2 protein chains.
Amino acid sequence: MPNPDSPIPSVWTRPPKKAPALSREQIVAAAMKLLDTEGLEALSLRRLGVELGAAATAFYRHVANKDELIELVVNEVYGELRIDGEAPWRESVTVIAHSFRAAILRHPWFVSVIGEVGLAYLGPNVMGKTDQMLAVLERAGFALEDADLAMTAVLSFVVGHTTSEAAWLTTLARSGRSEQEWMDGLVPVAEQAAQPYPALRRLFELQRRSGAATREDSFAYGLELILDSLERRMR
Amino acid sequence: MPNPDSPIPSVWTRPPKKAPALSREQIVAAAMKLLDTEGLEALSLRRLGVELGAAATAFYRHVANKDELIELVVNEVYGELRIDGEAPWRESVTVIAHSFRAAILRHPWFVSVIGEVGLAYLGPNVMGKTDQMLAVLERAGFALEDADLAMTAVLSFVVGHTTSEAAWLTTLARSGRSEQEWMDGLVPVAEQAAQPYPALRRLFELQRRSGAATREDSFAYGLELILDSLERRMR
DNA sequence: CTGAATATGTGAACACTGTACGCAGCAGTT
DNA sequence: AACTGCTGCGTACAGTGTTCACATATTCAG
């Protein structure tokens with residue numbers, strides 16, 4: 001907001017407006033930060049405008065619509081996956097899986113958005129990581145179709161498991177209660193229900209005291225179920 | 001919009017208002033129908049009001065807010081799961097998994113919502129089915145914690161795999177293109193990309209011609225990977 | 001150097017959304 | 001008959017994504 005009465009407008013060395021002041025990368029970076037710090041429902045174009053000192057409508061010069069913006073941020077998450085193409089295949093896949101899980105937990109909004117975006121949008125990072133993972137499996141001796149099946153199985157499990165984890169963590173955070181408090185409140189829920197849930201009730205009780213298997217253990221367990229079978233089928 | 005100048009307000013035989021005219025079950029049923037036929041973004045309280053001949057604000061007498069309404073509909077989906085507690089455990093689990101998949105595909109909006117609801121809301125159907133599934137595994141000889149781990153692994157895979165499927169199907173439907181057209185368009189995408197995706201490119205080509213493994217095959221394959229390992233660990 | 005063309009940001013406006021609130025009428029009880 | 005609680009409605013508010021005409025700034029052609 002330059003004051004039009006200012007006496008020095010033509011003397012002023014022009015501010016560096018060579019760069020268009022708003023770039024696609026800037027926008028997705030700001031969106032990512034906003035999503036990570038305040039969650040999905042905090043991401044509105046007007047809010048993003050405040051964050052970047054621009055009007056809400058300015059983004060339409062750089063991005064088709066909000067959906068495309070989200071696709072771009074999702075693609076950015078895929079960029080965080082680490083793939084070690086040199087290690088033996090089982091180790092490679094394990095690293096990918098854990099790194100995917102970590103990335104999702106770092107960006108919990110991801111799971112609220114994956115159902116809409118899916119794998120239909122093929123951003124460069126999505127395609128790149130997929131390609132590398134296929135390559136790892138092929139080098140291990142899988143035929144291309146089998147590599148596809150194996151990869152799909154692993155990634156499906158990773159996304160499914162981590163979806164539960166992330167959803168649980170966000171609702172836990174929203175509730176304000178501690179994890180122990182929540183578990184304690186769970187047992188009465190299963191008791192007072194109209195129908196009895198005997199097995200579930202015992203599970204709640206078990207988890208409440210003997211400190212439940214951690215979520216990471218559960219993740220590692222399921223992953224090994226899949227990898228064990230894959231390894232056996234290869235030999 | 002009753003006209004206040006109308007000469008017959010007190011003569012009017014009162015409409016049958018004995019039954020509260022709006023019940024929780026009615027509301028979730030209408031919401032479910034709307035979701036299934038027109039998708040998630042069509043579900044607004046005002047639209048639901050039109051569907052039920054009521055004002056948008058009427059629902060707040062029966063449901064806390066829109067989020068709770070969605071939780072209720074999600075719980076309804078769980079109600080569609082079929083569990084055969086008598087069959088041998090492997091068959092039982094297979095049936096549950098396929099029935100879960102079918103339910104999600106019948107209600108594709110489910111995957112857009114599961115990331116927010118997660119398993120934090122424990123509706124009666126959610127708890128009921130979980131309990132029955134645990135019981136199946138315990139009866140097969142799993143210790144309770146192991147049954148939990150096994151169930152989590154299976155359900156994670158089911159949700160993850162079906163999430164991809166449903167997301168893919170909805171974007172395909174939205175695009176208007178046929179599946180074959182889409183696959184044909186995929187190969188050039190992998191070719192013209194800045195970086196090359198050799199494995200992915202070959203996979204696209206392979207799927208385009210030799211008619212790709214169906215999604216159900218891929219689902220069954222991954223499921224069997226998990227079940228094979230579970231079976232082996234049991235003996 | 002001038003003038004036209006193109007790219008970028010803005011403010012107002014539109015059609016929606018979820019939801020809070022107060023009012024009206026009916027149900028059943030006292 | 002009066003009171004109390006339940007249910008639905010109309011209004012209103014703050015906020016959303018998006019469109020469009022307009023202003024400016026930059027780039028390029030002659």
Side-chain angles (χ1 to χ4, degrees), chain A residues 1-4 6 9-10 12-27 30-31 34-35 38-73 109 112-113 116-117, chain B residues 1-6 8-27 30-31 34-35 38-73 109 112-113 116-117 174:
Chain A
M1 45 193 71
N3 184 353
S6 170
S10 55
W12 189 210
T13 68
R14 66 177 93 133
K17 285 207 175 167
K18 196 61 174 286
L22 220 54
S23 78
R24 235 170 127 101
E25 294 82 26
Q26 254 180 47
I27 294 175
L34 195 50
L35 285 169
E38 306 197 32
L40 181 60
E41 66 264 17
L43 179 65
S44 77
L45 296 185
R46 284 171 173 85
R47 177 66 196 281
L48 202 56
V50 171
E51 225 69 27
L52 282 168
T57 57
F59 304 105
Y60 286 86
R61 302 287 177 191
H62 304 266
V63 160
N65 48 31
K66 195 186 177 184
D67 284 354
E68 184 181 297
L69 175 57
I70 288 184
E71 285 174 349
L72 291 173
V73 189
W109 47 268
S112 308
V113 126
E116 320 234 27
V117 175
Chain B
M1 46 190 74
N3 184 354
D5 301 337
S6 171
I8 46 149
S10 56
V11 182
W12 189 205
T13 69
R14 68 180 91 137
K17 284 206 175 169
K18 193 63 176 287
L22 221 53
S23 77
R24 235 169 127 101
E25 294 81 27
Q26 254 181 47
I27 295 175
L34 195 50
L35 284 169
E38 307 196 35
L40 181 60
E41 66 264 17
L43 178 65
S44 76
L45 296 185
R46 284 171 173 86
R47 177 67 196 281
L48 203 56
V50 172
E51 225 68 28
L52 281 168
T57 57
F59 305 106
Y60 286 87
R61 301 287 177 191
H62 305 264
V63 159
N65 49 31
K66 194 185 177 184
D67 285 353
E68 184 181 298
L69 174 58
I70 289 186
E71 284 173 352
L72 291 173
V73 190
W109 48 268
S112 307
V113 125
E116 319 234 30
V117 175
R174 243 195 305 253

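Computed from a predicted model, the values in this text were never measured in an experiment. Every chain is numbered from 1, with letters handed out A, B, ... down the list of sequences. Side-chain atoms are counted along with the backbone in the values below, which use heavy atoms only and exclude waters and symmetry mates.
Between Leu22(B) and Ala54(B), the shortest heavy-atom distance links the atoms CD2-CB, 4.1 Å. Minimum heavy-atom separation, Trp109(A) to Val73(A): CH2-CG1, 3.5 Å.
Atom CD1 in Ile27(B) sits 9.5 Å away from atom CG in Leu72(B) (nearest 0.5 Å). To the nearest 0.5 Å, atoms CG (Leu52(A)) and CZ (Phe59(A)) are separated by 5.0 Å.
Distance Phe59(B) CZ to dC6(D) C1': 17 Å, rounded to the nearest Å. Atoms CZ (Arg24(B)) and C1' (dC6(D)) sit 16 Å apart, rounded to a whole Å. Spacing between atom CD of Gln26(B) and atom P of dT7(D) amounts to 13 Å, rounded to whole angstrom units. Straight-line distance from the CG atom of Leu52(A) to the C1' atom of dG9(C): 13 Å, rounded to whole Å. One interatomic measurement links the two molecules: CG of Leu22(A) to C1' of dT10(C), which rounds to 12 Å at whole-angstrom precision. With rounding to whole Å, Leu48(B) atom CG is found 10 Å from dG18(C) atom P.
Proximity of His62(A) to the phosphate of dA7(C): no side-chain N or O atom is located under 4.0 Å from OP1 or OP2.
With a 4.5 Å cut-off on side-chain heavy atoms, Glu116(A) and Leu40(B) count as touching. Within the 4.5 Å cutoff, the side chain of Leu48(A) has heavy atoms near those of the Leu69(A) side chain.
As judged by a 4.0 angstrom heavy-atom cut-off over every strand, Ala58(B) is placed among residues touching the sugar-phosphate backbone only. Counting non-hydrogen atoms under 4.0 angstrom, Leu69(A) reaches nothing in the nucleic acid.
Screening residues 52-70 of chain A for salt bridge (charged side-chain N to carboxylate O under 4.0 Å, His left out), with sequence neighbours left out, gives Arg24(A)-Glu68(A).
The side-chain hydrogen bond (donor to acceptor under 3.5 Å, both in side chains) check on Arg47(A) picks up Glu38(A), Glu51(A), with sequence neighbours excluded.
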Distances under 3.5 Å between protein N/O atoms and the N/O atoms of nucleotides 19-22 of chain C, please, pair by pair.
unit_1, atom_1, unit_2, atom_2, d
dT19(C), OP2, Tyr60(B), OH, 2.7
dT19(C), OP2, Lys66(B), N, 3.0
dT19(C), O5', Tyr60(B), OH, 2.9
dT19(C), O4, Arg46(B), NH2, 3.4

Dot-bracket assigned to DNA chain D with the 3.5 Å Watson-Crick/G-U criterion, [ ] for crossing and | for other-strand pairs, is ||||||||||||||||||||||||||||||

